[in-house]
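One structure is given here, and the rest of the page talks about it.
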Amino acid sequence: MEIIVSANEARKSSPIPPPDMKGAHVAGMEAYRSLVAEAEADYSGYWSRLARQFVSWKSDFTVGLDDSQAPFFKWFADGMLNVSYNCLDRQVERGLGGKTALVFEADDGQVTRIDYRELLARTCRLANALKARGVSKGDRVVIYMSMSIEGIVAMQACARIGATHSVVFGGFSAQSLRDRIQDAGAVMVVTADEQLRGGKRLPLKAIVDEAIALGGCETVRDVLVYRRTGSDIAWDASRDRWLHEETDGQPQNCEPEWVGAEHPLFILYTSGSTGKPKGVQHSSGGYLLHAALTTQWTFDLRPDDVFWSTADIGWITGHTYIAYGPLALGATQVVFEGVPTYPDAGRFWKMIQDHRVTVFYTAPTAIRSLIKASEGNEQVHPQRYDLASLRILGTVGEPINPAAWEWFHRHVGGGRCPIVDTFWQTETGGHMITPLPGATPLVPGSCTLPFPGIAAAVVDETGAELPDGQGGILVVRKPWPSMIRTIWGDPERFRSSYYPPELGGSYLAGDGAIRDPATGYFTITGRIDDVLNVSGHRMGTMEIESALVSCTDLVAEAAVVGRPDETTGEAICAFVVLKRARPSGDEARQIANELRNWVAKEIGPIAKPKDIRFGDNLPKTRSGKIMRRLLRSVARGEGIAQDTSTLENPAILEQLAQSN
Ligand code: PRX
């Protein structure tokens, strides 16, 4: 994978010292270093101390880290807890029942506030309804919902009864949803009639129907439907139930199901290097610890903060930094149904102003697109809004280029708010490398230093540590509490993907990284495998290739690569050989559109290739291997300076280069 943010670019600027933050949770580099030293001196003891501080246990654990079955690590395994109790009941018991938990702003701007007492009551009613339908501990429930209070309640209700949820992003197609329902063996799907985004109504329930009709979802007994828009939808009385009818009349108390710390709280599917998405399985105790701990330290969260993460619950950020972390701390947070550009590109800034948001966490892609929008229209520039409430800014999901960082810092943060550039992954459960706002001097484009206790390192292919200044492979030397436990139903794939033997027991993140010789700061240089990152959405090239070649009437062969894109970070570029003669002009454009829609139907609109190029063939070695390295150069519009001597058909490169 190519370097998107060049390390040199990141290193050019001198570090920006942290603001003088009184009472910060990690106040200053001395405090940071002492936490790092504590973890080094007694690794299991360090995490155990924090686990007792951040998590309320029904019964305490006796062992911190259990590595007897490495790489299937366990944390706090004999401790018993309930995640929903920790997020909700605990707040009410602490006297925070009347504190606003969620400020939900709908697509059309309507605002609903709900306090901890009410959130607990709604969670209990749904938990009772799930139980009444026979859902029990260990069952899997797929949640296919847009951003809503009900979506969060559904996650919490599953946690309450020990059911394992698997949230599927509302933008995924029927086919992708079916694959996930089937792989998880879900007994229930929770969905909505439709979702509202940017003024448009998009179907959800109809896609669930389509997914089930594809076959293979026989485990699903019930589909619970939240009435969001009230539009007419198809109804199968043997299986479909209105969520409000199921919960009405249910008692608002529900004894939490106490589970062991290793009990799977959720499975979340993500892309890997093969065509089949991986069901990343997370634990209850270790996951909750890191969710709460990182929310507090990375965002320096205080009791009177108003936290807003713009992520969707369909992604890991929406799990850790919406559904679990902020609630475990009793925070007030904004939850947004819509999109940043509706009704105009000032929506984020208006919402920060209206809700007096103090901590704002978003994706570099959103920032870049809002920079573009504000360049064309002064009315939507952040300086038109009162953003004085902001204290801390954060980014996640992809590298942030220094220019976007500077703009965010100056125009949104008024030059006074630290930006935490948080590096982590679906598999890591929470932040891994990130500044801490009251401690770490900032360098635009660098995620700076490991979170205290995270043993991140840069190594070569043999696992040997590289000197600072030399780019290599990012690994984590020691297991940490919120790490992936396994790939659902495929422990061997877990072992081979994340713990290849040559790395000698370190976790392979799948990203490249380089450390700055002067500061030791990390800069992430992008994926080293066949995973793309488009607008912070993770996608496997193989998944898109399989979708293309499944269009068997048209496509003979396809290869997918990424190329840098100013707004989305990376763009998907597909090289396609058709079963008919290579098209050109209008015909090529029309077929390209057809294929884009095909991919949207197979995977979801986020996987649509931006460029589709047609060739008579693909560049291959004499042994028949597609040379992606060359395709990447063609996609970037670079000359072919590389060695093409092993290529079977060198002339094809010229053709593909011209076929744009
Ligand atoms: O390549 C890294 C990139 O996103 C990948 C993880 O994607 P996903 O599992 O979907 O989780 C995204 C939200 C945590 C990583 O392997 N990535 C994530 N955060 C950053 C990043 N790259 C650079 N800087 C970041 N802050």
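All ligand and atom numbering here is 1-based and tracks the order in the structure. Positions are given from 1 along the sequence.
- Of the protein's non-hydrogen atoms, Trp424 O, 3.7 Å is the one closest to atom 6 (C) of ligand 1.
- In Glu502, the CD atom is crowded: over 12 heavy atoms of neighbouring residues, nucleotides or ligands sit closer than 6.0 Å.
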Arg477 vs Ser506, side-chain hydrogen bond (donor to acceptor under 3.5 Å, both in side chains): CA-CA, chis, key distance, verdict: CA-CA 5 Å; Arg477 292 264 190 232; Ser506 290; 3.1 Å; yes
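- Every atom of ligand 1 with a heavy atom of Val396 under 4.0 Å away is listed here by number and element: 13 (C), 14 (C).
- Formation of a donor-acceptor pair under 3.5 Å by the Arg485 side chain with backbone atoms of Lys74 is not found in this model.
- The nearest protein atom to atom 23 (C) of ligand 1, hydrogens excluded, is given as Pro399 N, 3.2 Å; this is a heavy-atom distance.
- The Arg538 neighbourhood of ligand 1 comprises atoms 6 (C), 7 (O), 8 (P), 9 (O), 10 (O), with distances under 4.0 Å to a heavy atom of that residue.
- Counting atoms of ligand 1 from 1 in the listed order, those under 4.0 Å from a heavy atom of Asn533 are 3 (C), 4 (O).
- The atoms of ligand 1 that sit less than 4.0 Å from any heavy atom of Thr317 are 13 (C).
- Within ligand 1, counting atoms from 1 as listed, the ones closer than 4.0 Å to a heavy atom of Thr426 are 8 (P), 9 (O), 10 (O), 11 (O).
- Checking Tyr269 against Thr426 by side-chain atom types alone, no donor-acceptor pair falls below 3.5 Å.
- The shell of residues lying under 4.0 angstrom from ligand 1, judged by heavy atoms, includes Gly397.
- A salt bridge is absent between Asp490 and Lys276: the closest approach of a Lys/Arg side-chain nitrogen to an acidic carboxylate oxygen does not fall below 4.0 angstrom.
- Counting heavy atoms closer than 4.0 Å to ligand 1, residue Glu398 contributes backbone atoms (N, CA, C, O) but none from C-beta onward.
- Pairing each heavy atom of Pro435 with each of Thr298, the nearest pair is O-CG2, 4.0 Å.
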